[in-house]
There are 2 protein chains.
Amino acid sequence: MSGAAEDLSIGQVAERTGLSVHTLRFYEREGILANAVRRGAGGRRLYSEDDVEWLRLCVILRASGMPLPAIRAYTDLVRQGAGTERERLDLLRRHREDVIAQIDRLTRCLDLITFKVGVYEDHLDRGPAEHVCGASSPPERTPRNQRAASAQ
Amino acid sequence: MSGAAEDLSIGQVAERTGLSVHTLRFYEREGILANAVRRGAGGRRLYSEDDVEWLRLCVILRASGMPLPAIRAYTDLVRQGAGTERERLDLLRRHREDVIAQIDRLTRCLDLITFKVGVYEDHLDRGPAEHVCGASSPPERTPRNQRAASAQ
DNA sequence: GCTTGCCCTAGAGCCGACTCTAGAACCTAG
DNA sequence: CTAGGTTCTAGAGTCGGCTCTAGGGCAAGC
């Protein structure tokens with residue numbers, strides 16, 4: 001499936017991955033391509049659809065905060081071929097946990113920020129109250145009801 | 001409430017905010033303190049509990065990806081005092097949207113990673129299948145049932 | 001035959017956010 | 001009196017992840 005023999009230029013790959021051509025070359029130097037890029041006339045890089053798929057995976061890993069060295073480690077495992085599946089799975093699982101942790105952290109931040117937004121909304125549509133400061137923990141989840149909260 | 005007259009040293013503030021003393025001085029230079037730090041004997045910084053609260057808020061904003069210039073902007077508004085509440089609210093609301101967007105992105109990444117983990121689990125406990133590649137979109141949400149998927 | 005556009009390499013530059021260094025002052029305990 | 005710990009300043013260094021520059025090649029179209 002999908003294994004057409006269409007060769008793609010670096011510019012085309014940039015278009016379909018959202019990465020810049022600079023970044024594509026940079027990733028290659030960093031060892032972040034599952035299979036070595038072939039070269040065409042004049043030394044130009046030739047990419048396959050598989051390369052694009054691989055890069056899209058890399059984009060997702062990056063977007064979820066995986067550092068380049070970790071992506072390189074994963075790439076190395078893939079390049080080593082069969083027998084490294086267990087390690088790849090472990091690596092992905094660890095990253096998965098990491099992403100979950102990130103989401104948790106962000107969600108907790110979001111709660112506090114939402115609380116703070118609530119405090120300001122109160123403050124603005126019921127006239128100024130006393131002073132209004134730090135990150136004071138959402139005391140009991142009722143921004144629109146109580147007046148001890150910070151609005152700095 | 002809580003407004004004791006206890007002065008805190010930079011080291012104590014570092015402890016209770018989780019920031020390093022270096023970072024505290026750095027933030028100060030960057031204009032990220034709602035009220036100017038007082039100085040004690042020998043020019044040493046004296047922080048109040050309010051400063052700690054403020055810094056905790058900054059930590060949350062940073063942890064949720066707000067860049068220092070935006071935090072400085074917010075700090076400036078706070079320093080200008082009453083009358084800037086609308087702007088502060090807007091700034092916080094924008095950040096709130098941003099955090100929600102981050103969580104969305106991460107959640108989408110998580111789905112793909114989870115899918116990929118599923119593919120590897122399949123692959124490992126039902127013996128190797130064909131080749132296994134990019135980020136191929138979770139075709140119909142059934143990792144453990146279908147065998148077209150990528151395991152690179 | 002010349003411009004335009006895409007591509008090449010090696011290496012430098014940039015940005016954000018810290019992080020650390022050097023050299024010196026002060027305070028407290030032994 | 002001295003050693004250890006904390007703090008001070010100004011400024012340099014680090015790190016991750018790009019991003020760009022210089023200088024050049026090649027191919028297609030006017």
Side-chain angles (χ1 to χ4, degrees), chain A residues 6-33 36-48 51-52 55-75 95 98 102 105-106 109, chain B residues 6-33 36-48 51-52 55-75 95 98 102 105-106 109:
Chain A
E6 298 287 343
D7 284 332
L8 302 168
S9 73
I10 196 168
Q12 290 171 313
V13 173
E15 256 175 43
R16 44 203 92 179
T17 57
L19 298 165
S20 73
V21 295
H22 291 304
T23 302
L24 285 170
R25 291 193 275 248
F26 168 67
Y27 278 11
E28 187 181 334
R29 282 206 296 273
E30 292 290 293
I32 275 170
L33 274 175
V37 261
R38 286 156 298 127
R39 297 302 181 114
R44 300 189 170 197
R45 290 171 178 81
L46 296 177
Y47 296 83
S48 66
D51 293 329
V52 173
L55 284 164
R56 287 211 242 257
L57 173 60
C58 292
V59 166
I60 284 158
L61 295 176
R62 278 295 303 127
S64 51
M66 187 182 280
L68 291 183
I71 300 185
R72 177 164 45 233
Y74 184 60
T75 308
H95 181 54
D98 191 81
Q102 284 185 66
R105 247 193 318 98
L106 281 178
C109 288
Chain B
E6 297 287 342
D7 283 332
L8 301 169
S9 72
I10 196 168
Q12 290 172 313
V13 174
E15 256 174 44
R16 45 202 92 178
T17 57
L19 298 165
S20 73
V21 295
H22 291 304
T23 302
L24 285 170
R25 290 193 277 247
F26 169 67
Y27 277 10
E28 187 181 335
R29 282 206 295 274
E30 292 292 292
I32 275 169
L33 275 174
V37 260
R38 286 155 300 127
R39 298 303 181 114
R44 299 188 169 197
R45 289 169 179 82
L46 296 177
Y47 297 84
S48 66
D51 293 329
V52 173
L55 284 164
R56 287 211 240 259
L57 173 60
C58 292
V59 166
I60 285 158
L61 295 176
R62 280 293 304 126
S64 51
M66 186 182 280
L68 290 183
I71 300 185
R72 178 165 42 233
Y74 185 60
T75 308
H95 182 55
D98 191 80
Q102 284 184 67
R105 248 191 319 95
L106 281 178
C109 290

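Computed from a predicted structure; not experimentally measured. Lettering of chains follows the sequences in order, A, B, ..., and the numbering in each one begins at 1.
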Inset, instruction - Look up atom CG in B:Leu55 and atom CG in B:Leu33, then write down how far apart they are to the nearest 0.5 Å. - result: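 Separation between the atoms: 5.5 Å.
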
Legend entry - Value rounded to 0.5 Å, distance of CD1 in B:Ile10 from OG1 in B:Thr17: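 Answer rounded to 0.5 Å: 9.5 Å.
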
So do the side chains of [X] and [Y] get within less than 4.5 Å of each other, counting heavy atoms only?
{"X": "A:Leu8", "Y": "A:Arg16", "value": "yes"}
{"X": "B:Arg62", "Y": "B:Ile71", "value": "yes"}
{"X": "B:Gln12", "Y": "B:Val52", "value": "no"}
{"X": "B:Tyr74", "Y": "B:Leu57", "value": "yes"}

Legend entry - Dot-bracket summary - DNA chain D, pairs being Watson-Crick or G-U whose distances fall under 3.5 Å, with | when paired to another strand: ||||||||||||||||||||||||||||||

In whole Å, what is the span from the [atom1] atom of [X] to the [atom2] atom of [N]?
{"X": "B:Arg62", "N": "C:dT19", "atom1": "CZ", "atom2": "P", "answer": "11 Å"}
{"X": "A:Met66", "N": "D:dG17", "atom1": "CE", "atom2": "P", "answer": "12 Å"}
{"X": "A:Ile71", "N": "D:dG16", "atom1": "CD1", "atom2": "P", "answer": "14 Å"}
{"X": "A:Arg39", "N": "C:dC7", "atom1": "CZ", "atom2": "C1'", "answer": "10 Å"}
{"X": "A:Ile10", "N": "D:dT19", "atom1": "CD1", "atom2": "C1'", "answer": "13 Å"}
{"X": "A:Glu30", "N": "D:dC15", "atom1": "CD", "atom2": "P", "answer": "14 Å"}
{"X": "B:Tyr47", "N": "D:dT6", "atom1": "OH", "atom2": "C1'", "answer": "13 Å"}
{"X": "A:Arg38", "N": "C:dC8", "atom1": "CZ", "atom2": "P", "answer": "13 Å"}

Legend entry - Sugar-phosphate only, base, or nothing, as touched by B:Arg29 at under 4.0 Å among non-hydrogen atoms: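 Counting heavy atoms under 4.0 Å across all strands, the contact made by B:Arg29 includes a base.
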
Without placing hydrogens or testing angles, list every side-chain donor-acceptor pair under 3.5 Å for residues 36-43 of chain B, not counting sequence neighbours.
| from | atom 1 | to | atom 2 | distance (Å) |
| --- | --- | --- | --- | --- |
| B:Arg38 | NH1 | B:Asp7 | OD1 | 3.1 |
| B:Arg38 | NH2 | B:Asp7 | OD1 | 3.2 |
| B:Arg39 | NH1 | B:Gly43 | O | 2.7 |

Inset, instruction - Please name the pair of heavy atoms, one in A:Leu106 and one in B:Ala63, separated by the smallest distance, quoted to 0.1 Å. - result: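 Shortest heavy-atom contact: CD2-O, 4.0 Å.
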
Inset, instruction - State, to 0.1 Å, how close A:His95 and A:Ser64 come at their nearest heavy-atom pair, and which atoms those are. - result: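 Of all heavy-atom pairs spanning A:His95 and A:Ser64, the closest is NE2-OG, 2.8 Å.
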
Inset, instruction - Would you please name every residue forming a salt bridge (Lys or Arg N to Asp or Glu O under 4.0 Å) with A:Arg72, sequence neighbours left out? - result: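 Counting only residues at least two positions away or on another chain, A:Arg72 forms a salt bridge (Lys or Arg N to Asp or Glu O under 4.0 Å) with A:Glu30.
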
Inset, instruction - Answer yes or no: does a side-chain N or O of B:Arg72 lie under 4.0 Å from OP1 or OP2 of C:dA17? - result: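 No, because none of the side-chain N or O atoms of B:Arg72 sits under 4.0 Å from OP1 or OP2 of C:dA17.
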
Inset, instruction - Mind listing the residues from residues 13-27 of chain B sitting with a heavy atom below 4.0 Å of DNA chain D? Number order is fine. - result: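 Those residues are B:Arg25.
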
Using a cut-off of under 3.5 Å, enumerate the N/O to N/O pairs linking the protein to nucleotides 1-5 of chain D.
none

Legend entry - Comparing B:Gly42 and B:Gly65 on DNA chain C - which has the more 5′ nearest nucleotide: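 Closest to the 5' end, via its nearest nucleotide, is B:Gly65.
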
Legend entry - Counterpart residues, side-chain contact (heavy atoms from CB on, under 4.5 Å), relative to B:Thr23 (two or more places apart):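 Result, side-chain contact (heavy atoms from CB on, under 4.5 Å) vs B:Thr23: B:Leu19, B:Ser20, B:Tyr27.
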
